[in-house]
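Keep in mind it's a predicted model, so treat the numbers as computed, not measured. Chain naming here is simple, since letters A, B, ... match the order of the sequence lines and numbering starts at 1 in each. Atoms considered below: every heavy atom in the structure, side chains included; atoms not considered: hydrogens, waters and symmetry mates.
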Number of protein chains: 2
Amino acid sequence: MDKNKSTTEERILEAAKKVFHSKGFDGARMQEIANEAGVNKSLVHYYYRNKDTLFNAVFEDAFGRLLAKLNEVILSDNTFVSKIELFLNFYITFLSQNSYLPLFVLNGLYEKPEQIKSMLAKKKISPEKLMDQLRNQVREELHIDIEPFHLLINILSLCVFPVLAKPLIMTIFGYSNDQLGQFYQERQTTVPEFILNALKGYEQNHSK
Amino acid sequence: MDKNKSTTEERILEAAKKVFHSKGFDGARMQEIANEAGVNKSLVHYYYRNKDTLFNAVFEDAFGRLLAKLNEVILSDNTFVSKIELFLNFYITFLSQNSYLPLFVLNGLYEKPEQIKSMLAKKKISPEKLMDQLRNQVREELHIDIEPFHLLINILSLCVFPVLAKPLIMTIFGYSNDQLGQFYQERQTTVPEFILNALKGYEQNHSK
DNA sequence: ATATGGTTTAACCAATTGGTCAAAATTACA
DNA sequence: TGTAATTTTGACCAATTGGTTAAACCATAT
């Protein structure tokens, strides 16, 4: 509702994020987005032709952000463990402010899988490159030869799922928001440790 | 559409599952559910008062199934590793037939977190009991004292997320359905190994 | 001043949607 | 067989929703 600063187009996009993130495509109402932005509904159509266009803008913004960060971290100049810590840290802090975002992205991926490829192309992200980077780094740092695909998925699982399952955790174990925050805090050290231990186990079995 | 066998009430519920699972609450249409069941739309309202009632029935069925299985496996008479394998196996095979289900449940949990508690009560599932079981078993089998909460979340993450992220995996890495099936197959041995290795790492640091 | 261009609004519309209701069809049962 | 209860249907409705359009607004340049 704060009309100060920022163009109306930006305010509309921000409002759209807020509504789409929490209610999804079908649950979102163009009128609600207009209200949230403090403008007439027609203005929303003026800047973004229709609901689909607006949704795509919101989705690309969200998915692009997550993808870009993952890419940036993996290709950065850090140790393997540092990278996990970095990604975890970003993910947890960023998403404490945008708690609906991961589920929103996941839903979007189900509905429009094609978008993934165009997004990868636009951001010039190469999955193969990421995998190579991962494989090489694990080999050089930990002297372990490993198929990096399962490892990548495992890392992502351990980082992303606990954020996705937030309501499950809160309700089942009766956590308050503060307790949940502490839980995520603990994971910043717990998860890298867990992964590193798992990899060291492979050392005995698979390395030469 | 198969009117054979099963009461109309059951056919309506099955149709509702199909539609709600793939389109969510807001995306689902009562008319589509009626068509899918091969009955008049009014019949849907006759058996299930309104959309909310029908959705709740579908959600409870889905969430209840997953929860019951998790409970059954954890409390069963198996080794720690066997339990992980069992749960993984159930999860992967069951969900290859119901690929929309985990995301559906996750969305439902966001929208109606209260349902979790009533479901736990109805199925007489005690989270504390599960955690105790897990802690004791890890202590007795692996001689490791560990706070079981993070472990439980880690196991769930490694089992559930790769299924949730199906479209991401398929598109990013250009997997066919067959290749994806093989990937899940591999995880049946890969994941228990990963977890066990991680835990063995803790042995050196935390056990006495 | 006024013409011009982009910006914003109010009024409106066609289509959709969840839900109702009374009547018809079918079943149960005396 | 007749009749009461249950199940199924078609017609209908009020409300909602995405989207359109023409007019109003407003800054800026001439």
Problem set entry | Verdict with reasoning, Leu70(B) to Leu66(B), per side chain to side chain contact (heavy atoms under 4.5 Å, CB included) | CA-CA 6 Å; Leu70(B) 179 64; Leu66(B) 295 184; over 6 Å; no
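- Look at CD on Glu9(A): it is 13 Å from C1' on dG6(C), rounded to the nearest Å.
- Put simply, Arg29(A) has a side-chain N or O that comes within less than 4.0 Å of OP1 or OP2 on dG18(D).
- Rounded to a whole Å, the CZ atom of Phe55(A) is 16 Å from the C1' atom of dG18(D).
- Among the atoms of the strands shown, only primed sugar atoms or phosphate atoms (P, OP1, OP2) are found under 4.0 Å from some heavy atom of Tyr47(B).
- Contact check, Thr8(A) against dT7(C): no side-chain N or O comes under 4.0 Å of OP1 or OP2.
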Please list, pair by pair, any protein nitrogen or oxygen found under 3.5 Å from a nitrogen or oxygen in nucleotides 19-21 of chain C.
residue	atom	partner	partner atom	Å
dG19(C)	OP2	His45(B)	NE2	3.4
dG19(C)	OP2	Lys51(B)	N	2.8
dG19(C)	N7	Lys41(B)	NZ	2.8
dG19(C)	O6	Lys41(B)	NZ	2.6
dT20(C)	O4	Ser42(B)	OG	3.1
dC21(C)	N4	Ser42(B)	OG	3.3

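- Whole-Å rounding puts the Tyr46(B) OH to dA24(C) P distance at 18 Å.
- Atom NZ of Lys112(A) has more than 12 neighbouring heavy atoms from other residues, nucleotides or ligands inside a 6.0 Å radius.
- With rounding to whole Å, Leu43(B) atom CG is found 15 Å from dA25(C) atom P.
- The distance from atom CD1 of Ile33(B) to atom P of dT17(C) is 12 Å, rounded to the nearest whole Å.
- Taking 4.0 Å as the cut-off between side-chain N and carboxylate O, Arg135(A) and Asp132(A) count as a salt-bridged pair.
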Exercise. Hey, mind stepping through Ser42(B) and Asn40(B) against side-chain hydrogen bond (donor to acceptor under 3.5 Å, both in side chains) and telling me if it holds?
Worked result: CA-CA 5 Å; Ser42(B) 301; Asn40(B) 188 284; 3.3 Å; yes
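- Applying the ring-ring contact (aromatic ring centres under 6.0 Å, His included) rule to Phe55(B) yields the partners Phe20(B), Phe25(B), Phe104(B); only residues at least two apart in sequence or on another chain are considered.
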Exercise. Can you check side-chain hydrogen bond (donor to acceptor under 3.5 Å, both in side chains) on Asn89(A) and Glu85(A), steps first, answer last?
Worked result: CA-CA 6 Å; Asn89(A) 183 57; Glu85(A) 284 169 350; over 6 Å; no
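- Across all strands shown, Ala34(A) has no heavy atoms under 4.0 Å from either base or sugar-phosphate atoms.
- Computed from coordinates, the Gln31(B) CD to dT9(D) C1' distance equals 12 Å when rounded to whole Å.
- Whole-Å rounding puts the Asp26(A) CG to dT16(D) C1' distance at 15 Å.
- For the pair Glu14(A) and Lys17(A), the salt-bridge criterion is met [side-chain N within less than 4.0 Å of a carboxylate O].
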